[in-house]
Structures are given as C-alpha cells and as structure tokens.
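Remember, it's 1-based here, ligands and their atoms both numbered in the order they're listed. Just so it is clear, the values below take in all heavy atoms, side chains as well, and ignore hydrogens, waters and symmetry mates.
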Amino acid sequence: MPIGVFDSGVGGLTVMKEITRLLPEENILYLGDTARVPYGTRSPGTVIRYSIENTLFLTSKRIKLLVVACNTSSSVSLKQLREKFPIPVIGVVGPGARAAVAVTKVKKVAVIGTETTINSGSYEKAIKEIDASVKITGVACPLFVPLIEEGWLDGDVVRLTAEKYLSQIKGNGADTLVLGCTHYPMIKDIIADAVGIGLIDSAVETAKEVKHVLGDGNMLRQSKKEGSRKFFVTDAPEKFARTGERFLGEKISNISKIYLGG
Ligand code: DGL
C-alpha cells in the first residue's frame, strides 16, 4: 500500500522529496489542495475541515500511513485526524521539535512559520513537552510563501524580507531556528545568512520519522524497484507541475485533478 501525503499545495513536496530520498522504493500518493491554498492565513476550524476532507480522499485510496506535510495543518488538526482515522498519522511539527531540543545547547529555540502555525503555539507545546526549560520565540513570516511560490528564491527582495523578519531573532540568544513551514527550505541559505544560527529542517526530520514508524510496524515496502508516484490536485494541475518541479527537484507527471468539499 502507498504512503499518503497531503499539503495545501506545492510546499509539501519538500517533505515528499526527503521521503523519496530516504525511502525511494515506497509508493507515494500526494495530494495538493491547490484550490484552497494558502492554509497559513486561515482559521484553525477551516484548516481542520480541509485536512479531514484531504484525509478522507487519501484513505479512500487505501494508504498505509498518512504524512501531514503541512506545518499549518499539522499544527491544528493532528489530534482530530488521529482520532478519526485508524492509520499512523505523522505531522511535521513533532519531528522538528524533537530535533530542535536535541541540538540546542543554550535551551533557546526560535521558530518561524505561517500566522496560523505561530498563533497555534504548536511548536512551543511540542518542545515544552520534551523539555519544559527550553525557551521559544515564534515569528510569523507571511510574505515568504508568496515570494517563494513566485520563484523569488534569491535577490534583494527576499534577502531584505528575511533580514526584517529575522531581526527579531538575531541577538535574542537562540542558537537554533526551526523552519516551521514547508516552503522555507527553498530559501534555507538566505535564512541562514540573515539569522546566523543553526537551522532545523522539519522535512528532513519528518522523513526519518516515516522510516522509523514504517520499520517499527513492519510496513516498509520490500522491493528494490523505485516506487510509483501519483499526484492529485484540487485545481490548476499545469501550474502545480510547473511550480512543484522546483520544490521536488524532479519532473512531475501523473497528475489528476479532483474535487473536494461541499
Ligand atoms: N504548507 C503551508 C505550511 O507549511 C504553507 C503554505 C500555506 O499557507 O498553505 O504551513
């Protein structure tokens, strides 16, 4: 059975990229909810509803494990998805939080993400559950997603935007910054330059967690052949293919447009 992965759009492809790097033999179904992106500016209730609809679709295709490859959705809907669906559900917040706690030496961590992710306090809760003495600063960076989707991955505009947002973190004593949004790995170097501290990429950490959970449950695909990839979107498949290739780092074909919601 395949692994199901969903995100609000193309961003979750950074997570899929890490999963396929680590587990190339796995079959993957990816759903990008491109008709309703962005999630990061919406209320938790709406993101929960969208996330349940996405999961209903993917589970109807008989997946063995679900990856919520969206920080916003992972921040607000994981509990509901775990209660409602009888398969392992992995989000991106827990793995990123665990890695941050493991590497911070001064017990001060900063997190950047969408407004809904930062307002939810999800990283703060996840980090405090592991080590209550760690101090956390969260900064919402809402302009990063549209800039990255436009392909502005370098140049003055994105550099100045990064400097402005990250000035709140620079010099506050944190030694670790969690990239709490699917898009941010695309401008990792610019963020690193602007903030000057170590970065945690939630996508990389999530892929490790997927391997771990599948291994523990004896659910890894036993094959030497590369797995199949199939993509579903709720709008504009051509645009998804074009933008998505930058995120996934390879050509995207095999896309179907589907309809979700009322
Ligand atoms: N995928 C979202 C996240 O990681 C970013 C894009 C959006 O706002 O939908 O939070």
Checklist entry - Counting heavy atoms only, which part of S8 comes closer than 4.0 Å to ligand 1: side chain, backbone, both or neither? => result side chain
Checklist entry - Can a non-hydrogen atom of G11 be found less than 4.0 Å from any atom of ligand 1? => result no
Checklist entry - Is a side-chain donor-acceptor pair under 3.5 Å present for N27 with S228? => result yes
Checklist entry - Are E83 and K79 within salt-bridge range, i.e. N to O under 4.0 Å? => result yes
Next on the checklist: Parallel, tilted or perpendicular, judged at 30° and 60°: which one describes the rings of F57 and F232?
Outcome noted: perpendicular
Next on the checklist: Given 3.5 Å as the limit, does a donor-acceptor pair link the side chain of T243 with the main chain of E149, or not?
Outcome noted: no
Next on the checklist: Can you name the atoms of ligand 1, numbered from 1 with element, that are less than 4.0 Å from a heavy atom of C181?
Outcome noted: 3 (C), 4 (O), 5 (C)
Next on the checklist: At less than 4.0 angstrom from any non-hydrogen atom of D7, what atoms of ligand 1 do you find?
Outcome noted: 1 (N)
Checklist entry - Under a 4.0 Å heavy-atom limit, does T41 contact ligand 1 with its side chain, its backbone, both, or neither? => result neither
Next on the checklist: Check contact between G113 and ligand 1, using heavy atoms of the residue and a distance below 4.0 angstrom.
Outcome noted: no
Checklist outcome for this item: Of G12, G40, A69, the one whose closest heavy atom lies nearest atom 8 (O) of ligand 1 is G40
Checklist outcome for this item: Closest heavy-atom approach to atom 3 (C) of ligand 1 among N71, T116, V93, V47 is made by N71
Item to check | Numbered atoms of ligand 1 (with element) below 4.0 Å of Y39, judged on heavy atoms | outcome: 7 (C), 8 (O), 9 (O)
Next on the checklist: Measuring centre to centre across the rings, with the benzene-like ring taken for any Trp, is Y165 within less than 6.0 Å of F144?
Outcome noted: yes
Checklist entry - Can you tell me if S8 uses its side chain to pair, donor with acceptor, with the backbone of P38 under 3.5 Å? => result no
Checklist entry - Are a donor atom and an acceptor atom from the side chains of T117 and N71 found within less than 3.5 Å of each other? => result no
Item to check | atom 10 (O) of ligand 1: nearest protein contact (heavy atom, Å) | outcome: T72 OG1, 2.6 Å
Checklist entry - What do we get for T114 next to ligand 1 when only non-hydrogen atoms under 4.0 Å count, side chain, backbone, both or neither? => result side chain
Next on the checklist: Assess whether a salt bridge exists between E25 and K224, defined as any Lys/Arg side-chain N lying under 4.0 Å from an Asp/Glu carboxylate O.
Outcome noted: no
